[in-house]
Amino acid sequence: MRAHEILNNTFLNKGTAFTMKERQELGLIGLLPPTVQTIEEQAEQTYEQYLTKPSDLEKRHFLMEIFNTNRTLFYYLFNKHIVEFNPVVYDPTIADTIENYSHLFVDPQYAAYLDINHPENITETLKNAAGDREIRLIVVTDAEGILGIGDWGTQGVDISVGKLMIYTAAAGIDPASVLPVVIDAGTNRKELLEDHLYLGNHQERIYGDQYYSFVDQFVETAESIFPKLYLHWEDFGRSNAATILNNYKTKIPTFNDDIQGTGIVVLGGIFGSLDITGEKLTDQVYLCYGGGSAGAGIAGRVHAEMVSEGLSEEEAYKHFFMIDQQGLLFDDMEDLTPAQKPFAKKRADYKDAGDMTDLLNVVKTVKPTILVGTSTNPGAFTKEVVEAMCANTERPVIFPISNPTKKMEATAEQVIEWSDGKAFVATGVPSGTISYKGVDYQIGQANNSLIYPGLGLGMLASEAKLLTDEMIGAAAHSLSGLVDPGKPGAPVLPPFEFVADVSIKVAEAVAKKAQEQGLTESKETDMAKAVRDLKWYPEY
């Protein structure tokens, strides 16, 4: 490679860290300042610049400059400041960059942009984006259901980029082995269609046979080009997400973070709560507030765990209630999604069914012990709702996990205060520590980042042929025992600062379960060693 090609290759560039011998061999003499720096010195210099940026958005733009020029330095710095950087690099700051992506566009970041109008270009697009890299992990989105902000068309590619950043920072997956992909199937967001600077297709979303045919062609092509691929679906709309996952989950190693990942981490948080109370999962009553892909996926995961603990499917469904835009879901509603239907109730069983559009009335009627919010309806968990939950059980589980921050059903501080410190709380965004009546409540983040990086590392290390429910269950159980349940105010989920250790534990649990099920293709039989050997470290 020519000298400038090396300096412009984010996977090879070391900047001022190239030694004098390397500069001579690579034709870099005179192209860099004479001082040779260590990566520690580069990181110190870069962090000083980072601290001068006046807002999280500008901090993210600065970090993206490092990401686009020197991946090793970026991840070295990210690892040193992972708690501080995570909300800047990913959620919630990434929502701002997605909304303004076309107007701020500078660099495609080695992403693949797939155009639904040109399926003949899928192969060429994936090969061009990968270059000579061996791709092991793809995060793909069609950006119809981004975070809590909805449909953002091709601008949603940033969610794939951000997700892969967390895979590497948290679990050490080699950044040269990953590829962000966006499927541009159009957008229904009027402001994008009317914006002449919008970089995606200026057409309404395509659904139905053409859409599914394109997705199928993408999957077949990606599997063919990258034979050891693990495929992660991200932020697809509720009408397509479950269908796509169900189409492929028994055929290839694949995962939908909104449907499966959120369910795993919430289940882990519920296990953490029950570790403190000593209660059984099968004795709980679960109310899902927000029946989209995430809400239904979480409920499905908790339901599956109740079944694994001895209940029949029918018995377990009696423990679940789901509220969506229509109110409490009943089986005579014509607009239920396939994922919602199993949780819908018979209207005749409720004499006051007409009042079941109000969350407070539902809480008082069905008496849940667990309330999980994925509605993106800010302020929905009112003081009266929290107090009603406390009337149902001594220690309610209340998880307002919608994000970004402006979409939360309640803040952690509100839930702690309104429940007089009785509620177990986890939020979808960082909430820090809440001091109340002399107790410091450390609030766990129901952040998929605690799960999906380790899950991916375990899948790649074991070369598992499929991701099964049993492997997902092993991931959820692996979160237990990482916090001290006897400490007042203890979090129900491990703090994000320990995500690297959590990821290793999750990866080993997943890989070992895959091996037990006869699904591994790795030549290494020691799954813990396979995980350690695959882990990439940001060093020159």
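We number each residue from 1, following the sequence as shown.
- Cation-pi check for Arg395 over Phe424 is met; the charged atom lies under 6.0 angstrom from the ring centroid and within 45 degrees of its normal.
- Remark: of the listed residues Ile146, Ile244, Asp258, Ile244 is the sole one forming a side-chain contact (heavy atoms from CB on, under 4.5 Å) with Phe236.
- Side chain of Gln340 to main chain of Gly291: a donor-acceptor pair is present (N/O by atom type, distance under 3.5 Å, no hydrogens or angles).
- Using a 4.5 Å cut-off on side-chain heavy atoms (C-beta onward), Leu164 and Leu137 make contact.
- By the 4.5 Å heavy-atom criterion applied to side chains, Tyr248 and Val215 are counted as neighbours.
- The backbone N or O of Thr427 lies less than 3.5 Å from no partner atom in the side chain of Ser431, so there is not a single donor-acceptor pair.
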Practice prompt. Could you give me the CA-CA distance, side-chain angles and deciding distance for Leu336 and Gln326, then say whether side chain to side chain contact (heavy atoms under 4.5 Å, CB included) is met?
Written response: CA-CA 10 Å; Leu336 299 179; Gln326 316 94 309; 4.2 Å; yes

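- Salt bridge absent: Arg189 and Asp151 never bring a charged side-chain N and a carboxylate O closer than 4.0 Å.
- Residue Glu191 qualifies as enclosed at atom CD: its count of foreign heavy atoms under 6.0 Å is above 12.
- Using a 4.5 Å cut-off on side-chain heavy atoms (C-beta onward), Met333 and Arg347 make contact.
- Panel note: side chain Thr154, backbone Asp184; no donor-acceptor pair is recorded below 3.5 Å.
- Few gaps surround CD on Glu84; more than 12 heavy atoms of other groups in view lie less than 6.0 Å from it.
- Nearest approach of Ile122 to Phe218, heavy atoms of both residues: CD1-N, 3.9 Å.
- Closest of all the heavy-atom pairs between Ala464 and Met471 is CB-CE, 4.0 Å.
- The side-chain hydrogen bond (donor to acceptor under 3.5 Å, both in side chains) test applied to Asp349 returns no partner, not counting sequence neighbours.
- Using cut-offs of 30° and 60° for the angle between ring planes, the Tyr75 and Phe78 rings count as parallel.
- Under the 3.5 Å distance criterion, the side-chain polar atoms of Gln155 are matched with a main-chain donor or acceptor of Ile98.
- The backbone N or O of Ala475 sits less than 3.5 Å from a side-chain atom of Ser478, completing a donor-acceptor pair.
- Applying side-chain contact (heavy atoms from CB on, under 4.5 Å) to Thr141 and the options Val181, Ile159, Val157 leaves one that passes, Ile159.
- If you take CG on Leu493 and CG on Asn447, they are separated by 9.5 Å, rounding to the nearest 0.5 Å.
- How far CH2 of Trp152 is from CG of Asn100: 7.5 Å, rounded to the nearest 0.5 Å.
- Two residues are said to be in side-chain contact when any heavy atoms from C-beta on lie closer than 4.5 Å; Ile443 and Thr433 fail this criterion.
- Atom CG of Asp324 is separated from atom OG1 of Thr337 by 7.5 Å, given to the nearest 0.5 angstrom.
- Heavy atoms only, all atoms of each residue included: Thr374 and Gly295 are closest at OG1-CA, 3.3 Å.
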message: With side chain to side chain contact (heavy atoms under 4.5 Å, CB included) as the criterion, how do Lys465 and Ile252 come out once you've worked through the C-alpha distance, each side chain's angles and the decisive distance to 0.1 Å?
response: CA-CA 6 Å; Lys465 292 182 284 187; Ile252 63 172; over 6 Å; no

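- Inter-residue side-chain proximity for Ile94 and Val89 is flagged as unmet; no heavy-atom pair is nearer than 4.5 Å.
- If you take CD1 on Ile451 and OG on Ser503, they are separated by 8.5 Å, rounding to the nearest 0.5 Å.
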Just list the side-chain donor-acceptor pairs under 3.5 Å for residues 280-287, sequence neighbours left out, or say none.
unit_1	atom_1	unit_2	atom_2	d
Gln284	OE1	Thr369	OG1	2.9
Gln284	NE2	Glu279	OE1	3.1
Gln284	NE2	Lys280	O	2.9

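- Contact annotation: the side chain of Pro368 never approaches that of Phe321 to less than 4.5 Å [non-hydrogen atoms, C-beta and beyond].
- Looking at Asp158 and Arg60, a side-chain N of the basic residue comes within less than 4.0 Å of a carboxylate O on the acidic one, giving a salt bridge.
- When the options Asp469, Val266, Ile259 are evaluated for a side-chain contact (heavy atoms from CB on, under 4.5 Å) with Arg301, the one that passes is Asp469.
- No donor-acceptor pair under 3.5 Å is formed between the side chain of Ser213 and the backbone N or O of Asp209.
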(message) Determine whether Glu409 and Val385 satisfy the following criterion, side chain to side chain contact (heavy atoms under 4.5 Å, CB included), listing intermediate values before the conclusion.
(response) CA-CA 11 Å; Glu409 290 84 4; Val385 167; over 6 Å; no

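- By the 30° and 60° cut-offs, the orientation of the rings of Tyr289 relative to Phe381 is tilted.
- By the ring-ring contact (aromatic ring centres under 6.0 Å, His included) test, Phe226 is found to be paired with no residue, residues two or more places apart in sequence or in another chain being considered.
- Annotation: the span from Thr93 atom OG1 to Tyr90 atom OH amounts to 12.0 Å, rounded to 0.5 Å.
- With a 4.5 Å cut-off on side-chain heavy atoms, Ile323 and Leu329 do not count as touching.
- Gln203 contributes no side-chain N or O that, together with a main-chain N or O of Thr187, makes up a donor-acceptor pair within less than 3.5 Å.
- Residues Tyr452 and Tyr167 place their aromatic rings such that the two centres sit under 6.0 Å apart.
- Judged purely by atom type and a 3.5 angstrom limit, Asp235 has no side-chain atom pairing as donor or acceptor with the backbone of Ala143.
- Side-chain contact annotation: Gln217 with Tyr212, donor-acceptor N/O pair under 3.5 Å absent.
- Enclosure of atom CD in Glu223 by more than 12 non-hydrogen atoms of other residues, nucleotides or ligands within 6.0 angstrom is indicated.
- Note that NZ of Lys383 and OG of Ser419 are 11.0 Å apart. Values are rounded to the nearest 0.5 Å.
- Note on Lys345 versus Asp331: no salt bridge recorded, every NZ/NE/NH1/NH2 to OD/OE distance being 4.0 Å or above.
- No side-chain heavy atom of Ile370 sits under 4.5 Å from any side-chain heavy atom of Phe399.
- Checking Glu305 against His303 by side-chain atom types alone, no donor-acceptor pair falls below 3.5 Å.
- At distances below 3.5 Å, at least one donor-acceptor pair connects side-chain atoms of Asp358 with backbone N or O atoms of Leu360.
- A salt bridge does not link Lys346 to Asp332: none of the charged nitrogens lies less than 4.0 Å from a carboxylate oxygen.
- Taking each heavy atom of Phe343 and Gly300 in turn, the nearest pair found is CZ-N, 3.7 Å.
- The backbone N or O of Val139 sits less than 3.5 Å from a side-chain atom of Ser160, completing a donor-acceptor pair.
- Checked for salt-bridge contact, Glu470 and Lys513 miss the test: no charged N lies under 4.0 Å from a carboxylate O.
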Is there a side chain to side chain contact (heavy atoms under 4.5 Å, CB included) between Leu245 and Gln260 once you walk through the steps? CA-CA 10 Å; Leu245 178 63; Gln260 296 167 294; 3.6 Å; yes

